[in-house]
Amino acid sequence: MTSTTTQPRSIGHFIGGEALNGSTAEPISRRAPGTDEVVSLIAPGSKEDVDLAVRSARRAFDTGTWPNATGMEKFKVLTRVAELIERDAEKLARLDAEETGKTIATAEGDIAGSAGLWRYAASLALNVQGKTFTNNGPDFTGLVLREPIGVVGLIIPWNFPALILSQKLPFALAAGCTAVIKPATVTSSTAWEIVRLCAEAGVPEGVVNLVVGNAGSAVAAHPDIDLVSFTGSTATGEKVVQASAGNMKKLSLELGGKAATIVYADADLEDAAEGVVFGVNFNNGACCVSQPRLLVQDSIADEFLAEIVRKTESLKVGQPLDRSSEVGALIHAEHLGDVSSFIENAPGHGGVVVTGGERLQGGEYGNGQFIRPAIINNVGPDAPAFQQEIFGPVLTVTRFKTQEEAVSLANGVDYGLANTVWSKNSDTLLTTARALRSGTVYANTSIDGIPQMPFGGYKASGVGREMGEAGFEEFTELKSISIRTGKRAGKFLLPRPVTGVS
Ligand code: NAD
């Protein structure tokens with residue numbers, strides 16, 4: 001099935017348990033990247049809409065119904081949301097594929113992964129723990145409590161609309177926070193659906209609010225938001241940092257990436273070739289942990305390159321909703337232009353385009369934003385294609401001789417989100433993984449993992465972690481309570497060893 005929805009969907013805000021259209025200004029039209037048909041009309045969003053949503057979230061937090069719900073109550077509601085996501089999986093996957101241009105198979109994986117994240121986060125609501133200190137004499141007890149941080153702003157990028165929302169929202173809810181969500185304007189539909197599923201599952205009114213349209217900067221700057229969890233580009237992340245200074249809100253930033261895949265001569269080359277082609281073309285290359293830089297050991301480089309060219313040329317580029325498609329459409333025309341310019345400019349930096357890069361139009365591609373996956377050989381570490389995030393199906397190939405050289409090339413970019421290493425020698429595998437400066441390393445696999453493992457970036461790729469216990473803890477504050485029992489009797493405690501006095 002390749003046709004998109006016939007009637008455009010209207011997407012508005014969801015504030016205090018009510019669906020609202022916001023201002024009367026013209027909605028923003030979203031055209032499907034695969035067909036160029038208008039599929040969604042999105043309310044523009046304003047500072048006033050954000051104010052309303054924050055007031056709703058603040059009221060819900062202060063009245064305490066959700067923060068004070070027991071762990072078991074939260075567990076049941078969050079688990080119910082997971083069940084409802086699974087019930088509506090077909091619809092949610094179709095919406096995500098239609099708006100992002102990703103293939104339907106990828107979108108289905110995202111929705112299944114989203115349900116898994118809600119289930120895992122639900123389990124964390126049962127385990128909110130602190131610490132107790134009994135080591136300062138019999139009359140002193142120290143309690144360290146973990147409490148919800150308050151009202152959180154969740155800003156979502158376009159490339160995984162349901163999945164990244166699910167990396168944040170259920171963790172915030174498990175901690176007892178209330179939320180204002182701001183999805184990427186061009187891909188707002190699944191956030192709209194998931195917010196309604198929250199209401200159906202029993203999340204109380206005002207706990208989860210949604211503002212669509214161009215409202216990200218108002219969320220980042222809002223004085224009554226306690227934490228902003230942002231996923232997006234490093235350039236926008238910098239603006240979020242500046243905007244957040246007004247009330248010193250806590251930030252969690254998941255930013256850009258430029259991962260390398262190191263393939264040693266002793267790797268399982270069949271597996272590695274499969275992993276490299278998957279790693280750069282998954283989600284049309286629009287993935288923060290995409291693997292766009294291949295670093296291959298000199299002695300096997302020619303045969304390995306021939307194999308990945310063969311595999312890349314056999315990929316089926318097609319309509320996102322067509323089940324046989326392996327690579328879909330790019331998010332919009334401007335992005336297609338940006339991706340193409342890296343390919344066009346490659347020869348000026350010594351690169352050789354060995355396959356792909358052509359725009360695909362007409363026939364099944366119609367007016368969609370399609371490009372054939374490209375490989376650029378001989379790319380040096382100073383080339384823009386080696387240093388900058390391309391966010392499309394474009395692989396650069398660079399050769400190395402030694403392990404030291406491979407690690408230095410991999411680490412020689414501003415980003416530090418993820419890297420990959422392939423070797424059958426366990427010493428080489430582990431020493432390389434340990435030397436890579438990134439929050440995630442895939443070893444003999446590519447774009448893999450489980451929600452229990454924390455995810456986040458070194459260097460310009462971000463601050464803080466998502467998922468795992470560390471991701472949950474981002475949504476909490478610690479409170480230390482020092483308790484004296486018995487009679488204090490005006491004792492002047494100093495110079496006993498006292499900490500926390502400065
Ligand atoms: P983007 O930075 O353009 O937008 C992200 C979100 O920020 C959108 O909702 C947007 O509306 C909002 N926004 C725009 N201006 C804002 C402002 N001034 N203040 C606050 N919010 C604002 O990113 P994108 O194009 O949607 O997504 C692609 C980028 O996201 C890539 O760089 C990719 O690497 C990154 N990303 C990172 C991760 C990760 O986990 N590290 C995951 C996915 C995507």
Side-chain angles (χ1 to χ4, degrees), residues 28 30 33 42-47 50 99-102 110 113 117 153-168 180-188 190-191 210-222 225 228-246 249 251-259 282-292 330-332 334-335 338-339 388-392 413-418 438-440 447 449 451 453-468 471 474:
I28 302 163
R30 172 59 181 150
I42 302 122
S46 66
K47 187 179 170 304
V50 173
E99 286 186 344
T100 61
K102 66 175 68 196
D110 289 2
L117 285 159
L154 310 178
I155 304 178
I156 316 295
W158 60 260
N159 60 335
F160 289 97
L163 192 73
I164 291 179
L165 177 62
S166 302
Q167 286 178 195
K168 299 180 190 294
V180 175
I181 301 159
K182 211 307 278 176
T185 306
V186 291
T187 57
S188 299
T190 45
L210 173 79
V211 180
V212 296
N214 301 319
S217 52
V219 170
H222 204 287
I225 288 183
V228 163
S229 175
F230 168 86
T231 301
S233 63
T234 298
T236 312
E238 284 171 12
K239 291 185 191 160
V240 171
V241 171
Q242 283 157 11
S244 70
K249 59 174 67 69
L251 292 179
S252 164
L253 303 170
E254 300 290 341
L255 308 176
K258 189 70 187 177
F282 170 65
N283 208 47
N284 313 332
C287 182
C288 55
V289 292
S290 176
Q291 309 284 309
L330 301 195
I331 188 77
H332 45 58
E334 194 190 343
H335 186 56
D338 290 346
V339 172
Q388 297 169 23
E389 205 176 25
I390 301 176
F391 228 52
V413 293
D414 291 339
Y415 298 108
L417 193 60
S438 57
T440 292
I447 312 186
M453 295 169 77
F455 175 78
Y458 284 26
K459 306 193 284 183
S461 289
V463 177
R465 290 293 178 268
E466 236 161 41
M467 302 192 286
E474 295 280 340

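Note that ligands are numbered from 1 as they come in the structure, with each ligand's atoms numbered from 1 the same way.
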Under 3.5 Å: N/O of Glu389 near N/O of ligand 1: yes
Ala243 heavy atom under 4.0 Å from ligand 1: no
Nearest-neighbour protein heavy atom for atom 39 (C) of ligand 1, which is reported as residue plus atom name and distance: Cys288 SG, 3.4 Å
Heavy-atom side-chain proximity of Phe391 to Pro292 below 4.5 angstrom: no
Thr185 versus Asn214, side-chain donor and acceptor atoms under 3.5 Å: yes
Proximity to ligand 1 by part of Lys239, non-hydrogen separation under 4.0 Å: side chain
Gap between atom CE of Met467 and atom CE of Met453 - 0.5 Å precision: 9.5 Å
Smallest separation among heavy atoms of Gly256 and Glu389, with atom names: CA-OE2, 3.5 Å
Val186/Glu99 under side chain to side chain contact (heavy atoms under 4.5 Å, CB included): CA gap, chis, key distance, verdict: CA-CA 7 Å; Val186 291; Glu99 286 186 344; over 6 Å; no
Nearest-contact summary for atom 12 (C) of ligand 1 - protein heavy atom, Å: Ile155 CG2, 3.8 Å
Derivation and outcome, side chain to side chain contact (heavy atoms under 4.5 Å, CB included), residues Ser244 and Phe230: CA-CA 11 Å; Ser244 70; Phe230 168 86; over 6 Å; no
Closest approach of any protein heavy atom to atom 10 (C) of ligand 1, naming residue and atom: Lys182 NZ, 3.9 Å
Protein contact of atom 35 (C) of ligand 1 - nearest heavy atom, named by residue and atom, plus distance: Gly232 O, 3.2 Å
Test side-chain hydrogen bond (donor to acceptor under 3.5 Å, both in side chains) applied to Lys102 and Thr187, Asn284, Asn159, Asp110, the passing residue: Asp110
Gap between atom CD1 of Ile225 and atom CG of Leu154 - 0.5 Å precision: 9.0 Å
Side-chain (Lys182) to main-chain (Gly213) donor-acceptor, under 3.5 angstrom: yes
Between Lys168 and Ser229, a side-chain donor and acceptor under 3.5 Å: yes
Selected option - heavy-atom contact closest to atom 15 (N) of ligand 1, from Asn214, Thr236, Thr187: Thr236
Any donor-acceptor pair under 3.5 Å from Gln291 side chain to Val289 backbone: yes
Proximity of Glu466 to ligand 1 by residue part, where a heavy atom lies under 4.0 Å: neither
Between NZ on residue Lys459 and OG1 on residue Thr234, distance to nearest 0.5 Å: 11.5 Å
Within-cut-off N or O pair, Thr185 and ligand 1, under 3.5 Å: no
Note, Thr100 side chain near Phe160 side chain (heavy atom, < 4.5 Å): no
Which segment of Asn159 sits under 4.0 Å of ligand 1 when only heavy atoms are counted: side chain
Heavy-atom nearest neighbour in the protein, as seen from atom 37 (C) of ligand 1, with distance rounded to 0.1 Å: Leu255 O, 3.1 Å
Which residue and heavy atom of the protein sit nearest atom 8 (C) of ligand 1, plus the separation: Ile156 O, 3.4 Å
Separation between OG of Ser461 and CG of Leu253, rounded to the nearest 0.5 Å: 11.0 Å
Numbered atoms and elements of ligand 1 in range of Gly216, under 4.0 angstrom, heavy atoms: 19 (N), 20 (C), 21 (N), 22 (C)
Location of contacts on Phe455 toward ligand 1, heavy atoms closer than 4.0 Å: side chain
Where ligand 1 meets Ile164 - atom numbers and elements under 4.0 angstrom, heavy-atom basis: 42 (C), 43 (C)
For Pro183, the ligand 1 atoms whose distance to one of its heavy atoms is below 4.0 Å: 9 (O)
Protein non-hydrogen atom found under 4.0 Å from atom 30 (O) of ligand 1: yes
Proximal atoms of ligand 1 relative to Val240 (non-hydrogen, under 4.0 Å): 19 (N), 20 (C)
Ligand-side contact atoms (ligand 1) for residue partner Thr231, heavy atom cut-off under 4.0 Å: 5 (C), 36 (N), 37 (C), 38 (C), 39 (C), 40 (O), 42 (C), 43 (C), 44 (C)
Backbone or side-chain N or O of Phe160 under 3.5 Å from ligand 1 N or O: no
Atoms of ligand 1 close to Leu417 [distance to a heavy atom under 4.0 angstrom, numbered from 1]: 41 (N)
Closest approach of any protein heavy atom to atom 25 (O) of ligand 1, naming residue and atom: Trp158 NE1, 3.0 Å
Shortest protein contact, atom 23 (O) of ligand 1 (heavy atom only): Ser233 N, 3.5 Å
